[in-house]
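Every chain is numbered from 1 and lettered A, B, ... according to where its sequence line falls, protein lines coming before strand lines.
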Protein chains: 2
Amino acid sequence: MKRRVYLSMKSLKEAKDLFFSRFGSGLRTGVETVQTEGALGRITAEPVFAKRSAPSFHSAAMDGIAVKAEQTYGTTERSPRVLQLDRDAIWINTGQPLPEPFDSVIMVEKIHQIDEHHVEIRAPAYPWQHVRKVGEDIVATQLLLPQSHRVRAYDLGALISAGVFSVKVWERPRVAIIPSGSELVQRKAIGEEQELEAGQIIEFNSTLLAGLVRESGGVPIVHDIVPDVEESIRESLKQAIESDAHVVIINAGSSAGSKDFAVHAMDELGEVLVHGVTMMPGKPTILGIVNGKPVVGNPGYPVSAALSFEQFVKPLLYRLQGSSPPKRDIIKVHPTRDIPSKLGMEEFLRVNIGKVGAKYVATPLPRAAGSITTLTRAEGIIRIPALSEGLSQRDEVQAELLVDEEDLLNTVVIIGSHDITIDVLADEIRRKGYNIRISSGNVGSLGGLMALRKGTCHISGSHLLDTQTGQYNLSYIRRYLKGRRISVFHLVLRDQGLIVTKGNPKEVRGIRDLARGDVTFVNRQAGSGTRVLLDYKLDQLGIEPKSIKGYDHEEFTHMAVAVDVLSGAADCGMGILAAAKALDLDFIPLEREQYDLIIPSGMLDIPNIRAVLETIQTQDFRERVKSLGGYDPSKSGQLWMEVEGG
Amino acid sequence: MKRRVYLSMKSLKEAKDLFFSRFGSGLRTGVETVQTEGALGRITAEPVFAKRSAPSFHSAAMDGIAVKAEQTYGTTERSPRVLQLDRDAIWINTGQPLPEPFDSVIMVEKIHQIDEHHVEIRAPAYPWQHVRKVGEDIVATQLLLPQSHRVRAYDLGALISAGVFSVKVWERPRVAIIPSGSELVQRKAIGEEQELEAGQIIEFNSTLLAGLVRESGGVPIVHDIVPDVEESIRESLKQAIESDAHVVIINAGSSAGSKDFAVHAMDELGEVLVHGVTMMPGKPTILGIVNGKPVVGNPGYPVSAALSFEQFVKPLLYRLQGSSPPKRDIIKVHPTRDIPSKLGMEEFLRVNIGKVGAKYVATPLPRAAGSITTLTRAEGIIRIPALSEGLSQRDEVQAELLVDEEDLLNTVVIIGSHDITIDVLADEIRRKGYNIRISSGNVGSLGGLMALRKGTCHISGSHLLDTQTGQYNLSYIRRYLKGRRISVFHLVLRDQGLIVTKGNPKEVRGIRDLARGDVTFVNRQAGSGTRVLLDYKLDQLGIEPKSIKGYDHEEFTHMAVAVDVLSGAADCGMGILAAAKALDLDFIPLEREQYDLIIPSGMLDIPNIRAVLETIQTQDFRERVKSLGGYDPSKSGQLWMEVEGG
């Protein structure tokens, strides 16, 4: 079986150097002439010079009278002069041409009208006073726009004014996009309601890439889907090369073979410059040159396809128009948790970014390159260098913004214990029409309170049981959020219990059974609400942690615990019903626990926070949560208590 | 004669409040359905939900073998398990569908292939391990895009992937643009080479406004030019109101009457909300409402037209699409000189902005509202509040950027004594293809050296004579630029002399005549190179300044001196030949003086500075300078000396 091997993976920088050194800075599309009215957004292919002067005649710059300045010399306050209208002077308004032989304008405010035919002045005028002279704005032959200038609306005005009615601009670069993959079906070929067969995928990368081409000022030419057949791929590459496209993109299919086919075809017809780049997503990028034309083998996963495009094709398209891509805005963000990253790979981490107080905080989205929504949902991208093993939540790092900085104000950051109802909230709040994103970070209940303390979240999700009082969260808030006013809102009551192997072969019935000796347990990390609950239960029953096999084996999420149980690594663990249901395991309910949203009282006036509280009170939200099983949302959104920390 | 009166001028804020309160936040264009492929850049009219889940089938997320997880339970390093291919497991590649009954993937790296038909594993798999599950990226019914979202390329991918093949978006707002003015000629009606008659203006505001409409996502509908006839204007406003346009703009002609006609027409057909705004440029803006449609009477001067558009029409067009205009980037700049401004008017000052060292410095462009090139040449706009009398060069003020921040690096700031050859340089450097702007500030030679000292310019233009040594500039640099290495390059030798009344009736022949008693002189300000030269000459000849009539009358530019002579306020003054020629005065040459470019040596490596030096050495530059008269550019660009200040 043929395996994909990246024998000579290049770093992003090496790959760019190799690619762009072959397509020198002089590389351009052709020149075309467009009517000035249609030149908006186009890029000038040569300097543009004025053909006419503007204004083209002398005109009054003020309302008043036009005079011959010479005739006014010697006039003073003491020796005023009377001018006869329509002989020595005429009334003139701003913009009107200055008729011969007049060469000067006296403002209406400086004139004393004696009668219908006479005015008096008390100061001399000098030639060209208050006159817009020929060429005052534009002199014929003057340079109006330099080469490689993107034409704006203002420029259109200046061009027409200067008598330039057509402009030479660079042709928009044409980009052939070849989607390949036997699993793909053209979206035009299926109805909106039509079921797909197993293994079929609606081809959408070409639409994504076409959009990216347009955003870079290019013209996409989307080819039909090519099946994963070496000869077909070679043939369609050949066709695209022979077309009038300036750049060719082959978007790889998902089969292992298809990437090889693209490499082989490029190698056979031309030259492969780069095969594999140490960027993530985007690793399977192929860069080549066929008949002098740049050819890019674009990875099949949509996020890889987009990020690879932005590193290689986008700069090329701008270069072809004598320009360079606009820089994305960069802001400094604080990661809401530590984020490990693979050494040797430059990672493009998609993140939700929200503003909490004066700080921007960033929460990573899933890293799956197949998930296009990690791009649509992201507010920014953090680039983690190849030589880094990841980010620490103590670092301040740079993020490239995918949205306007203003949009960052629309993110509500919820950090703490993860619960599926937070996802439901995120969807429901947008469904209600709010343009609000929920950025949720999963660091455990105590971690959430710490995040509130550090000011890296708006809301913390928490279910910490105070074993002394039997109350949830309050005493923890008092201890960890000293000196702050905090409001505690109910989100849900949820079933905590023991997740056990399907069929419960070890016949676990409750906490007492954990100490039996023949039962292997899997624990949650210290600081999680679930761990607190367990330790409380053990204490109540007088069970020594030491007596429990597997007590030291800690996992960080409900799902990780469930997976351990499923795989046989443990017989049981503590967690929520939803996790047991997800992996079809059995569940022994122990406790209906309280999961709250903890919000600094000072934030309750923020409209986005109010929208969150409003949303969790809706019937729609409650019904969706109830249908998950194991949840009681009847008090969702109720203010339970306001607490003064410390 | 009817005069324009702004009886009830409103402040910009009042005008906006009045206007936008009448066009509430719910105001929208209609909804239209577009194919997803064509939705790029459009704004969603309602939330968009996924129609399909993606992926639509379970697939491998890794290359390896597909297995039934259950069959692998209990496998360990010590008790490995052998699986038979095509029965217990099958080879699978990333992206391939997971066939029944398999539910898990084991990575190829974890597998030991025994023979063609058998593999060995040493750890268990859990269900859904390395599997991309149905709906992992998108779940049908999930919210994909909220309402009022501008569709990006990424979104197109997500939409198609989610089976959303068409999208409801807001119609682009249609804007009727009515150019009015009897002086206007349609650009299509004249040939590029055809001469205009006196008083005729090529109509270009409609192209400018159409471009601005497009930049705001709207569709311009440009009407034919309407003459300045009240009935015609009323008629065409009526037509536009009855058309399918969402907004109507009447662009005023230059005649005083035309604005009144627009007001009358709006008043007759509907309601005038605002007539005159205390903004500059843009004062003659009229805002009204006819048949529920917003109507804007846009001023005739192009800069006024553009700035008024941006304050009133642009926000309206975004609002009609449920959106708001992108904010311009704001940076802090240091004015290169004091800039007075009219109290009571909010001024939009166009400025050149350059980066000198770590600071951005701003030099004002001409304020004429008729000069469209003040917009095309500007890098930014400084808003001077109505209650301010202007800016001080000691202030740091905000400027809205009209260009990318990066482009600011393309400005070379030259401050000091003004000379026409600097304008020639500014044009020639762009004519050579450099995308470099010269921002020149006119503060006199000594002011230029001070600007270098303060770090607010790259280059200073100077012609300061050392009366001790007879050398130019060197001793001043030593004195005022202590501790810095400075390079002095020749720009030109130019003729300084006495500018005298045409025909020289007072028969002035030289400096000695200034003390004659019957000759009135006009002086330049202290610190100017010209004043230094005069004082030197007086000293040489033993003439007391006191003996010169008008010695205390100071002007700040060569042109101001020439104007005083022309108007009879003085019989003569000192200045350059070019100023005398410009006003057709006589000139008595006294000195061929040296005008140099003073550049900190540390800046000589900056490519833009090198481009300046290269340009002034070209034959093209020298010939243009020579043709001005009174200049000797033969040494232009020669390094004269490097000086260590202090």
Side-chain angles (χ1 to χ4, degrees), chain A residues 1 37 40 47 51 56-57 73-74 91 93 95 97 124 126-127 132 137-138 142-143 146-147 153-158 160-161 163 165 187 192 196 198-199 202 204 207-208 211-212 214-215 254-256 302 306 326-327 370-373 375-376 404 406 427 430-431 433 435 563 566-568, chain B residues 1 37 40 47 51 56-57 73-74 91 93 95 97 124 126-127 132 137-138 142-143 146-147 153-158 160-161 163 165 187 192 196 198-199 202 204 207-208 211-212 214-215 254-256 302 306 326-327 370-373 375-376 404 406 427 430-431 433 435 563 566-568:
Chain A
M1 174 168 210
E37 285 82 355
L40 191 69
K51 296 203 171 166
S56 61
F57 55 90
Y73 294 167
W91 285 112
N93 279 317
Y126 58 84
R132 284 192 76 209
D137 190 18
I138 296 168
Q142 164 189 336
L143 182 88
Q147 203 187 36
Y154 299 158
D155 301 319
L156 297 181
I160 301 279
S161 175
F165 298 161
R187 84 101 170 141
E192 277 212 355
L196 293 173
I202 306 174
F204 65 93
T207 309
L208 167 64
L212 291 170
R214 283 207 179 86
E215 286 180 345
S254 61
S255 90
K327 292 245 165 69
S371 172
I372 179 71
T373 59
L375 273 179
T376 59
D404 287 341
E406 235 178 306
D427 192 37
R430 286 162 72 86
R431 207 175 268 270
N435 185 22
V563 161
L566 182 73
S567 71
Chain B
M1 172 169 209
E37 285 82 356
L40 190 68
K51 298 203 167 165
S56 61
F57 54 90
Y73 295 168
W91 285 115
N93 280 317
Y126 57 85
R132 284 193 78 207
D137 189 20
I138 296 166
Q142 164 190 334
L143 182 87
Q147 201 188 37
Y154 299 158
D155 301 319
L156 297 181
I160 301 278
S161 175
F165 299 159
R187 85 97 167 143
E192 276 212 355
L196 293 173
I202 305 174
F204 66 92
T207 310
L208 167 65
L212 291 170
R214 284 208 178 84
E215 285 179 346
S254 61
S255 91
K327 291 245 165 72
S371 172
I372 179 70
T373 60
L375 274 179
T376 59
D404 288 341
E406 235 179 306
D427 192 38
R430 286 163 72 88
R431 207 174 269 269
N435 186 19
V563 161
L566 182 72
S567 71

Next on the checklist: Give me the atom names and distance for the closest heavy-atom approach of B/Ala153 to A/Gly211.
Outcome noted: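 Heavy atoms of B/Ala153 and A/Gly211 come nearest at CB-C, 3.4 Å.
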Next on the checklist: To check you understand the geometry: which heavy-atom pair defines the closest contact between A/Thr376 and B/Tyr154, and what is its length?
Outcome noted: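 Looking at all heavy atoms of both residues, the shortest contact is CG2-O, 3.5 Å.
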Item to check | Region of A/Ser56 that comes under 4.5 Å of a non-hydrogen atom in chain B | outcome: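 Just the side chain, heavy atoms under 4.5 Å.
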Quick check for you: among [options], which has the greatest number of heavy-atom pairs under 4.5 Å with chain B?
options: A/Pro326, A/Pro302, A/Ala158; answer: A/Ala158
options: A/Gly163, A/Gly74, A/Ser161; answer: A/Ser161
options: A/Asp404, A/Leu156, A/Thr207; answer: A/Thr207
options: A/Leu208, A/Leu566, A/Asp427; answer: A/Leu566

Contact class of [X] relative to chain A, heavy atoms under 4.5 angstrom:
X: B/Phe57; answer: side chain
X: B/Ile202; answer: side chain
X: B/Ile138; answer: side chain
X: B/Ala306; answer: side chain
X: B/Glu37; answer: both
X: B/Arg187; answer: both

Next on the checklist: Walk me through whether A/Glu215 and B/Leu40 qualify under side chain to side chain contact (heavy atoms under 4.5 Å, CB included).
Outcome noted: CA-CA 9 Å; A/Glu215 286 180 345; B/Leu40 190 68; 3.7 Å; yes
Next on the checklist: I'd like to know which of B/Pro97, B/Gly370, B/Pro124, B/Pro47 tops the heavy-atom pair count under 4.5 Å against chain A.
Outcome noted: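 The residue among B/Pro97, B/Gly370, B/Pro124, B/Pro47 with the greatest pair count is B/Gly370.
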Item to check | All side-chain contact (heavy atoms from CB on, under 4.5 Å) counterparts of A/Pro146, not counting sequence neighbours | outcome: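 Checked A/Pro146 against side-chain contact (heavy atoms from CB on, under 4.5 Å); matches are A/His149, B/Arg430, B/Asn435.
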Checklist entry - Looking at residues at least two apart in the chain, or sitting in another chain, which of them share a side-chain contact (heavy atoms from CB on, under 4.5 Å) with B/Ser371? => result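 If we apply the side-chain contact (heavy atoms from CB on, under 4.5 Å) test to B/Ser371, skipping adjacent residues, the hits are A/Asp137, B/Ala368, B/Thr373, B/Thr374.
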Checklist entry - How far does CZ of A/Phe204 sit from CD1 of B/Ile160, to the nearest 0.5 angstrom? => result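 Between atom CZ of A/Phe204 and atom CD1 of B/Ile160 there are 9.5 Å.
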